[in-house]
Protein chains: 2
Amino acid sequence: MVTRTDAPTRREQILKEAARLFAERGFHGVGVDEIGAAVGISGPGLYRHFPGKDAMLAELLVGISGQLLTGAKRRLAEADGQTGAEAVLDSLIEGHIDFALDDRPLITLHDRELDRLRDSDRKLVRQLQRQYVELWVEVVREVYPALSEPSARSAVHSVFGLLNSTPHLGRAGTLPGRGATAELLHRMARGAFAAAGSD
Amino acid sequence: MVTRTDAPTRREQILKEAARLFAERGFHGVGVDEIGAAVGISGPGLYRHFPGKDAMLAELLVGISGQLLTGAKRRLAEADGQTGAEAVLDSLIEGHIDFALDDRPLITLHDRELDRLRDSDRKLVRQLQRQYVELWVEVVREVYPALSEPSARSAVHSVFGLLNSTPHLGRAGTLPGRGATAELLHRMARGAFAAAGSD
DNA sequence: CAGCGAGGTTAGCGGTCGTTAACCTGGAGG
DNA sequence: CCTCCAGGTTAACGACCGCTAACCTCGCTG
């Protein structure tokens, strides 16, 4: 894991705050003035960093999808041949949980504001998402050969729903600690797949 | 189950179309003119039926939460004493799946646009949602006594995420039929709970 | 058959929002 | 020291949107 030590750039600040605000109140529910205020500058100042409000959302969504896919590919490559499919599936689940727990606003945006994108950006995001899903489907079917491909795809989407539920778990603190939550989610995801695979 | 035979009222038409549009493009992304057009009247005509756009969303969300809670209470009462906790849990899961499959737009709204409500309405909806969750938590803990209350609550929220993933499953037709999908979801939900309960 | 209310219509107001224009400023480089 | 540009500022424009006002028109009903 690469740890950043240098300060975040203004662009990164903006993206982070925009993600939080978009997740809280929806893309159309947030004004550029608010985003600016959140980073200490005022509305139109944002246009020195982004061509428009749409571009911020696009960069966020493309970034999320790309990051998920890249991480999954890396995990798949790291384990290829050496370890069994079970271990790969565990690694995929772990990666997705880390993302869901560490970047809740992004997870929220990811399946909520996709339709607000320009056509070309939306196509790109959907393509990345599809690749990510297909990668999971292959691994899941290797672990549970009884699953048909459509069933496996449905199961994967459903498990994403399960893992992405983290924003609904107590807003902060009330849940039993990050480690325990991650472990609970992991067990439940495996249990859900196992139940789906007992055709 | 009560089956309606009479034609839907204009109010009901409006609510249905508004739900669909809100789910597709978000509350702020839909104009009153579009909602009107969807039922064949034009924008301001809606104000003969609702005091404002907010009121439509409020009625939808309060209706959803109330319907879910009422259904769950009924299922709990029907089985009380007679059947085991396992059967009650199965009944709850079945009811939630029916709702998720039959009213996808409402399920989408339910956890997406809550923050767009007036304070009083939002409090009411949250209270109904909380009661619904607590009802599930009690049943789940009866079936899996090893689960602590916080863990059970997290597990319930996560299973809701799983069951509410239906809008993400193929937009229509591509999934293996309603019955098979319902059964798959049911099995996965039970599997997830079982895995959570093996503390 | 007069009257009236339910349920529409169109025009338009007031506010908000994304974006652009025009201007300012501090610090780095020759 | 002059220049320039990155990164701000405020003012303002145009579009859009929720909502109201004013008006119309049926179908009941006394």
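Every chain is numbered from 1, with letters handed out A, B, ... down the list of sequences.
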Tabulate atom names and distances for all N/O pairs under 3.5 angstrom spanning the protein and nucleotides 9-12 of chain C.
residue: C/dT9; atom: OP1; partner: B/Ser42; partner atom: N; Å: 3.4
residue: C/dT9; atom: OP2; partner: B/Ser42; partner atom: N; Å: 2.9
residue: C/dT9; atom: OP2; partner: B/Ser42; partner atom: O; Å: 3.4

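What separates CG of A/Asp33 from C1' of C/dT19 is a distance of 11 Å, to the nearest Å. Summarising the geometry, the separation between CD1 on B/Ile14 and C1' on C/dG8 is reported as 11 Å, rounded to the nearest angstrom. Between the CZ atom of A/Phe27 and the C1' atom of C/dT16 there is a distance of 15 Å, given to the nearest Å. Put simply, NZ on A/Lys53 is 4 Å from P on C/dG18, counting in whole angstrom units.
Within the 4.5 Å cutoff, the side chain of B/Gln129 has heavy atoms near those of the B/His110 side chain. Looking only at side-chain heavy atoms (C-beta outward), A/Val156 and A/Tyr132 stay at 4.5 Å or farther from each other.
Of the charged side-chain nitrogens involved, at least one lies within less than 4.0 Å of a carboxylate oxygen, so that A/Asp102 and A/Arg178 count as a salt-bridged pair. Between A/Arg75 and A/Asp90 there is no salt bridge, since no side-chain N of the basic residue sits under 4.0 Å from a carboxylate O of the acidic one. Remark: B/Arg20 engages B/Glu24 in a salt bridge, criterion side-chain N to carboxylate O under 4.0 Å. With respect to the salt-bridge test (charged N to carboxylate O, under 4.0 angstrom), the residues A/Glu12 and A/Lys16 do not qualify. Salt-bridge check for B/Glu134 with B/Arg130: failed, with every basic side-chain N at 4.0 Å or more from each acidic carboxylate O.
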ring-ring contact (aromatic ring centres under 6.0 Å, His included), that's the test. Do B/Phe160 and A/His168 meet it? Break it down for me. CA-CA 10 Å; B/Phe160 287 169; A/His168 303 293; 9.5 Å; no
Set out, in order, the CA-CA distance, both residues' side-chain angles and the distance that settles side chain to side chain contact (heavy atoms under 4.5 Å, CB included) for B/Ile35 and B/Val39, then state yes or no. CA-CA 7 Å; B/Ile35 303 174; B/Val39 297; 5.9 Å; no
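Remark: B/His49 is in phosphate contact with C/dG8, judged by side-chain N or O atoms under 4.0 Å from OP1 or OP2.
Between chain A and DNA chain D, the heavy-atom contact criterion of under 4.0 Å yields a 5' to 3' nucleotide range of D/dG7 to D/dA11.
The residue B/Val30 sits close only to the backbone: its heavy atoms come under 4.0 Å of sugar-phosphate atoms, none of a base.
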In the 5'-to-3' direction, what one-character label does each nucleotide of nucleotides 24-29 of chain C receive under the scheme B = base within less than 4.0 Å of a protein heavy atom, S = sugar-phosphate only, - = no such atom? ------
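For A/Asn164 and A/His96, the side-chain atoms include at least one donor-acceptor pair closer than 3.5 Å.
B/Tyr47 does not carry B/Lys53 over the face of its six-membered ring by the limits of under 6.0 Å from the centre and within 45° of the normal.
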